[in-house]
Amino acid sequence: MEAIENNPYRIAGILANASLRELERQKNKLRAYSRVGQEIKLDYDFDVLSNISRTEESTNQAFSRIEQNQDKVNH
């Protein structure tokens, strides 16, 4: 269950087939919210799973994992 709850795509709030443009837009949006300390509710935050803590560090790490070609397939 940890692999699902800590999935970088889930933390980033995007689908696995998102374009680079969508990826950058979401990254900027999450960074802006984390800078001001606000929580954001995204379309793919399912109530069935545990809450997501989107800190600046966790979002940076998630996008770093997504942007690496080998990790795209693994996650």
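In what follows, every heavy atom counts, from backbone to side chain, and hydrogens, waters and symmetry copies are set aside. Residue numbers run from 1 in the order of the sequence given.
Expressed to the nearest 0.5 Å, how far CG of L30 lies from CD1 of I11 amounts to 10.5 Å. One finds the CD atom of E57 at 11.5 Å from the OG atom of S64 (value rounded to the nearest 0.5 Å). Atoms OH and OG1, on Y33 and T59 in that order, are 14.0 Å from each other to the nearest 0.5 Å. Taking CD1 from I66 and NZ from K27, the interatomic distance works out to 9.0 Å, rounded to the nearest 0.5 Å.
For L15, the side chain to side chain contact (heavy atoms under 4.5 Å, CB included) partners two or more places apart in sequence, or in a different chain, are N17, Y44. By the salt bridge (charged side-chain N to carboxylate O under 4.0 Å, His left out) test, R54 pairs with D45, sequence neighbours left out. Partners of S58 under the side-chain hydrogen bond (donor to acceptor under 3.5 Å, both in side chains) rule, at least two apart in sequence or in another chain, are T55. With sequence neighbours excluded, the residues forming a side chain to side chain contact (heavy atoms under 4.5 Å, CB included) with E56 are S34, N60, listed by chain and number. Take R21 and apply the side chain to side chain contact (heavy atoms under 4.5 Å, CB included) test, not counting sequence neighbours, and it matches S19, R25. The side chain to side chain contact (heavy atoms under 4.5 Å, CB included) search around A18 returns I14, E22, not counting sequence neighbours.
Closest approach of P8 and A62 over heavy atoms only: CB-O, 3.6 Å. Taking each heavy atom of A12 and F63 in turn, the nearest pair found is CB-CZ, 3.6 Å.
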